[in-house]
Amino acid sequence: NEMHLLTQNMLQCIKKGCNKDNFPLRISAQELRTDEREYDRDFVIRMLPRIEYEALSRSAAEIGVALPPQMPADAQSNDAFLQLLHHALMNVAVVTGTLTCPNCARVYIIKNGIPNMMPNETEV
Amino acid sequence: ENMARPELIGPPEIFYNDTEARKYTQSSRIMEIQARMTERALELLNLPKGAPAFILDLGCGSGLSGEVLSEAGHTWVGLDISASMLEVAREREADADLLESDMGNGLPFRQGMFDGAISISAIQWLCNADRSDHNPRKRIMVFFNSLYKCLTRGARAVFQFYPASMEQVHLLTHCAMKTGFSGGLVVDYPNSTKAKKYFLCLFAGPPTQYELPRAKTGEESE
Ligand SMILES: [Zn+2]
């Protein structure tokens, strides 16, 4: 188990009052892994409209994964792109690292592949 | 008595310590009951046939419910407040991303991410005030608000739970409706003390487009 970029692309800061510009959480990875999930075209196409693509490609770059900076206009039918996207979303994984809110700078620790999104005592 | 109502002993992140967490994957009886309740929850979710969906498992624990989701071909994200439970899920190689998170503090997701949500034996914990600064109603409202947002429109959420009282049922249902959900309670096998199961079935869309699923009846065994 690790955190994949699909999850990171959905996460936003939970700190009270931090409701603006609280996405995407910036990744810093100490340990990365690459999974071998089989390419699932239907699933990637289903997730396509939910992905914030520019945030994804920037986050991918932070951990050394190359994606085109813009989503191709023919993304839905561009199999080469979809495979690349599937790899970035589902196979590139963070085992140890941190996520940092771009707005309030709150740091979330990723340990054993699990981000800790629990509020600390001052945030409840 | 205490075994039947763990939420009376203490907060979930304390109750589900390492020893307790391991029980969940060592008892074949617990595992079978959990699997069966998850299958029923998945049936109540009524996802489009043959399409791989993206599902949120709220209070995923050691990943028993998630296994049912994986076997059905779905991708899921699991969230739990107990680090011990998540550690067991990780050791058992649950095929999902896991997050340590407190539902009562709101879900950490953007809008419209999930095709559905399930929760097995977890939501009753939200009805407790485990800390002096916990206000159950407020936490339930924050939770449902954030859940409604992170579901796609028309998605469903199904919560199997063990209500301690009808007041808890009313509180949860009332808060869910206030945050925009429609739906209500489905009680399977209402006449059987052993097999009776409560499912809060919610719909993130207009009530006119939703019909509450029918409960299972009869005296079937659990
Ligand atoms: Zn923040």
Side-chain angles (χ1 to χ4, degrees), chain A residues 1-19 22-25 35-38 40-52 55-56 86 89-95 99 101 106 108-124, chain B residues 13 47-48 50-54 56 60 63 66 70 73-115 130-135 138-139 142 146 149-152:
Chain A
N1 293 96
E2 317 78 20
M3 185 204 65
H4 296 86
L5 287 179
L6 175 62
T7 298
Q8 184 266 349
N9 196 252
M10 306 176 201
L11 287 177
Q12 55 187 24
C13 185
I14 48 136
K15 198 166 163 173
K16 282 230 167 66
C18 184
N19 309 314
N22 58 358
F23 167 87
L25 303 178
D35 295 339
E36 309 276 321
R37 271 204 191 83
E38 222 174 291
D40 184 344
R41 191 172 184 274
D42 291 347
F43 183 72
V44 188
I45 290 178
R46 188 179 181 92
M47 297 312 289
L48 212 48
R50 301 179 205 177
I51 290 160
E52 285 280 355
L56 175 70
H86 178 266
L89 288 173
M90 308 293 286
N91 281 334
V92 177
V94 182
V95 181
L99 297 167
C101 174
R106 163 74 147 94
Y108 300 91
I109 310 273
I110 305 168
K111 215 177 90 187
N112 291 330
I114 303 173
N116 183 347
M117 305 300 289
M118 292 285 285
N120 61 40
E121 273 165 31
T122 58
E123 292 167 342
V124 181
Chain B
E13 68 275 29
L47 294 159
F54 191 52
L56 184 57
C60 66
S70 295
H74 302 302
T75 303
W76 57 281
V77 171
L79 179 155
D80 207 282
I81 196 170
S82 160
S84 297
M85 280 294 219
L86 291 170
E87 181 52 27
V88 177
R90 201 181 64 80
E91 283 170 14
R92 299 180 73 239
E93 299 182 343
D95 189 18
D97 283 20
L98 305 171
L99 298 172
E100 191 177 341
S101 168
D102 175 7
M103 298 193 260
N105 196 59
L107 302 172
F109 304 111
R110 288 196 288 117
Q111 292 205 11
M113 291 292 109
F114 296 95
D115 297 304
D130 290 322
R131 299 157 49 131
S132 58
D133 54 353
H134 275 179
N135 172 342
K138 199 171 144 205
R139 282 166 53 78
V142 167
S146 63
K149 281 186 196 147
C150 77
L151 292 173
T152 56

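In the text below, chain A, chain B and the rest are named by the order of the sequence lines, each starting its count at 1. Predicted model only: the values in this text are computed from it and were never measured.
- Interface check for chain B: of the options A:Leu11, A:Asp40, A:Ile110, A:Leu25, the most heavy-atom pairs under 4.5 Å are formed by A:Leu11.
- Neither the backbone nor the side chain of A:Asn22 has a heavy atom closer than 4.5 Å to any heavy atom of chain B.
- Judged by distance alone, the side chain of B:Asp80 and the main-chain N or O of B:Ser82 form a donor-acceptor pair under 3.5 Å.
- Judged by the 6.0 Å and 45° rule, A:Arg41 forms no cation-pi pair with A:Phe43.
- Between chain A and the options B:Thr75, B:Leu79, B:Ile81, heavy-atom pairs under 4.5 Å are most frequent for B:Thr75.
- Note: B:Leu99 leads B:Leu99, B:Leu86, B:Val77 in heavy-atom pairs under 4.5 Å with chain A.
- Neither the backbone nor the side chain of B:Ala83 comes within less than 4.5 Å of any heavy atom of chain A.
- Looking only at heavy-atom pairs under 4.5 Å with chain A, the residue among B:Ala89, B:Cys150, B:Ala96 that has the most is B:Ala96.
- Of the possible polar contacts, one joining the A:Arg50 side chain to the B:Met113 backbone as a donor-acceptor pair under 3.5 Å is found.
- For residues 81-100 of chain B, the set of pairs meeting the ring-ring contact (aromatic ring centres under 6.0 Å, His included) definition, not counting sequence neighbours, is empty.
- Only the side chain of A:Phe23 has a heavy atom closer than 4.5 Å to any heavy atom of chain B.
- Options A:His4, A:Met3, A:Glu2 differ in how many heavy-atom pairs under 4.5 Å they form with chain B, and the most are formed by A:His4.
- Stacking of A:Arg46 on the aromatic ring of B:Phe54 is not recorded, the 6.0 Å distance cut-off and the 45° axial limit not both being met.
- Counting only distance, with no hydrogens or angles, the side chain of B:Gln111 and the backbone of B:Lys149 share no donor-acceptor pair below 3.5 Å.
- Heavy atoms of B:Thr152 lying under 4.5 Å from chain A belong exclusively to its side chain.
- Contact between A:Ile114 and B:Leu98 at its shortest, heavy atoms only, is CG2-O, 3.5 Å.
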